[in-house]
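Chain A is the first sequence line, chain B the second, and so forth, proteins listed ahead of strands; every chain is numbered from 1. Note that the structure is a prediction, hence the values are computed from the model and not measured.
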Number of protein chains: 2
Amino acid sequence: MLSDVSKSWWANILLYGLCLGLLLAALQFSQYRLLSFGNSEKWYMGLIATLFAVLGIWAGRKLTRKPKPAEAFIAPEFRPKEEVLKQLGMTPRELEVLEQMALGLSNQEIAEKLYVSLNTVKTHTSNVFSKLDVQRRTQAIQRAKALGLIA
Amino acid sequence: MLSDVSKSWWANILLYGLCLGLLLAALQFSQYRLLSFGNSEKWYMGLIATLFAVLGIWAGRKLTRKPKPAEAFIAPEFRPKEEVLKQLGMTPRELEVLEQMALGLSNQEIAEKLYVSLNTVKTHTSNVFSKLDVQRRTQAIQRAKALGLIA
DNA sequence: GCTGAAATCACCCAAAAGTGTGAGGGCTGA
DNA sequence: TCAGCCCTCACACTTTTGGGTGATTTCAGC
């Protein structure tokens, strides 16, 4: 099955292919008028070449540039990698605590934000650390980002 | 004065401009042979157009793609923003400690790595925190990254 | 030679973080 | 219904971190 990203990629290919085809057709059509102009073909050819070069640059930019958030086909929201989460056995609550941790909050602040006790947060953080195989929260944040668990 | 980045940019422009010029020259030259071929110009023109489209795509890619480490003109090493450092009054040693901190090391580990005492590291970290206007190391790392002080 | 910035270190104290154990309640699938 | 997972919380303990003060040394600049 196709992901959203690859689908939009194919849409781009089709779009630009269509543009190219149209331009080629226009080129074909213009041949008839051109021939009556005699030896000015040289300049005409240069014009066509330049036109296609510009088109190529434009297409190249469009095709290779990363889509900006505003123009993206799909929402660029962050999604934690589910397979990694499952593999580590990370529970939803633990991930939540991890996210707050990455925001620079203290355990106490996390507890207040999530409406649980400080001890509960400590339990979660401990579990997170052992699952990520780290000793400190700074390492946990690093690792979680590297694994794509948090933004 | 030109920065290294903008210098390489101009070098790219020159290079691709040269390629374009060469191709145009080749086009001019080939006109003579072409004319004797009679009405096969149509296909020839299409070929030229395709050629330039490909060239354009190639140039577009080259011009807009971020240079990879291996192919970059200049070393893509991280450079902390000097003006921000000066503005914050961050000393070289403090920055060094900050970097180690961002690697997830404890104060003790930083002390061993930098061959100083734990107390010295604590002094540095304290200074870093007050200069970055934060209370915890997690926040300091966040802020330093946001300010472009560390990678 | 004086001054100031930077780096070094010590000591003390408080707060936060991390470790380990135990335990109760809720929800779910076998 | 019952085992298993998850979430919750407590308590005790150690380690780490952060804050404040003060001191010494080195070194560049005036």
Side-chain angles (χ1 to χ4, degrees), chain A residues 80-147 149-150, chain B residues 80-147 149-150:
Chain A
K81 299 191 173 172
E82 297 295 342
E83 68 276 14
V84 182
L85 287 177
K86 198 173 293 179
Q87 199 172 343
L88 294 174
M90 192 79 69
T91 72
R93 202 55 162 170
E94 284 163 359
L95 179 61
E96 214 168 338
V97 170
L98 181 56
E99 287 164 353
Q100 301 301 317
M101 213 162 55
L103 294 178
L105 300 187
S106 68
N107 287 340
Q108 183 60 57
E109 288 168 334
I110 297 174
E112 288 163 6
K113 199 164 180 178
L114 299 185
Y115 304 107
V116 294
S117 81
L118 173 61
N119 285 315
T120 302
V121 174
K122 283 183 167 188
T123 302
H124 286 316
T125 56
S126 267
N127 291 336
V128 167
F129 294 158
S130 66
K131 284 173 184 177
L132 288 180
D133 192 30
V134 296
Q135 286 75 40
R136 282 176 286 286
R137 53 175 53 212
T138 48
Q139 294 175 335
I141 294 168
Q142 258 211 333
R143 192 132 227 290
K145 286 188 177 180
L147 291 174
L149 300 182
I150 57 178
Chain B
K81 298 193 174 171
E82 296 295 342
E83 67 276 14
V84 182
L85 287 177
K86 197 173 291 178
Q87 200 172 342
L88 294 174
M90 192 79 67
T91 72
R93 201 57 163 169
E94 285 163 359
L95 180 61
E96 215 168 337
V97 170
L98 181 55
E99 287 164 353
Q100 300 302 317
M101 213 161 55
L103 293 178
L105 301 187
S106 68
N107 287 341
Q108 183 60 55
E109 288 168 334
I110 297 174
E112 288 163 7
K113 197 164 181 179
L114 298 185
Y115 303 108
V116 294
S117 81
L118 173 61
N119 285 315
T120 303
V121 174
K122 282 183 166 190
T123 304
H124 286 316
T125 55
S126 268
N127 290 335
V128 167
F129 293 159
S130 66
K131 283 173 184 176
L132 287 179
D133 193 28
V134 296
Q135 286 75 42
R136 283 176 285 283
R137 53 176 53 213
T138 47
Q139 295 175 335
I141 295 168
Q142 257 211 332
R143 191 152 179 73
K145 286 189 177 179
L147 291 174
L149 300 183
I150 56 178

Provide, to the nearest angstrom, the distance between the [atom1] atom belonging to [X] and the [atom2] atom belonging to [N].
X: B/K86; N: C/dA5; atom1: NZ; atom2: P; value: 16 Å
X: A/I110; N: D/dC7; atom1: CD1; atom2: C1'; value: 16 Å
X: B/Q100; N: D/dT17; atom1: CD; atom2: P; value: 14 Å
X: B/L95; N: C/dA7; atom1: CG; atom2: C1'; value: 15 Å
X: A/K131; N: D/dC7; atom1: NZ; atom2: C1'; value: 11 Å
X: B/L88; N: C/dA6; atom1: CG; atom2: P; value: 13 Å

Subject >> Non-neighbouring partners of B/R93 that pass side chain to side chain donor-acceptor pair (under 3.5 Å), sequence neighbours left out >> reply: B/E96
Original post:
Is it true that the side chains of A/T120 and A/S117 contain a donor and an acceptor less than 3.5 Å apart?
Top reply: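 The answer is yes; a qualifying pair exists.
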**OP:** Determine the minimum heavy-atom distance between B/L149 and B/L95, stating which atoms define it.
**Re:**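 Shortest heavy-atom contact: O-CD1, 3.8 Å.
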**OP:** Taking all heavy atoms of A/G104 and all of B/T138, pick out the closest pair and write down the distance.
**Re:**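 Looking at all heavy atoms of both residues, the closest pair is CA-OG1, 3.6 Å.
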**OP:** For A/V134 and A/V128, run side chain to side chain contact (heavy atoms under 4.5 Å, CB included): C-alpha distance rounded to whole Å, both residues' side-chain angles, the deciding distance at 0.1 Å, then the answer.
**Re:** CA-CA 9 Å; A/V134 296; A/V128 167; over 6 Å; no
**OP:** Report the distance from atom NE2 of B/H124 to atom CG of B/L98, rounding to the nearest 0.5 Å.
**Re:** 12.0 Å
Original post:
Tell me, which pairs form a salt bridge (Lys or Arg N to Asp or Glu O under 4.0 Å) where one or both residues lie in residues 80-92 of chain A, sequence neighbours left out?
Top reply: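 Found none.
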Original post:
Does any pair with a residue in residues 102-122 of chain B pass salt bridge (Lys or Arg N to Asp or Glu O under 4.0 Å), and if so which ones, sequence neighbours excluded?
Top reply: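 Checked against salt bridge (Lys or Arg N to Asp or Glu O under 4.0 Å) - neighbours excluded - the pairs reaching residues 102-122 of chain B are A/R136-B/E109.
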**OP:** Give the B/S/- string for nucleotides 8-21 of chain C, one per nucleotide from 5' to 3', where a protein heavy atom under 4.0 Å of the base yields B, of only the sugar-phosphate yields S, and otherwise -.
**Re:** BBBB-----BBB--
**OP:** Decide yes or no for A/Q100 and A/L103: does some side-chain heavy atom of the first lie under 4.5 Å from some side-chain heavy atom of the second?
**Re:**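 Yes, side chains in contact.
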Original post:
Are the side chain of B/E94 and the backbone N or O of B/T91 linked by a donor-acceptor pair below 3.5 Å?
Top reply: yes
Subject >> Main-chain N/O of A/I150 paired to A/E99 side chain as donor or acceptor, under 3.5 Å >> reply: no
Original post:
For the helix from C/dG1-D/dC30 to C/dA30-D/dT1, what is the angle between the axes at its two ends, each from 5 pairs, rounded to 10°?
Top reply: 40°
Produce the list of close N/O pairs, under 3.5 Å, pairing protein atoms with atoms of nucleotides 23-29 of chain D; give distances to one decimal.
none

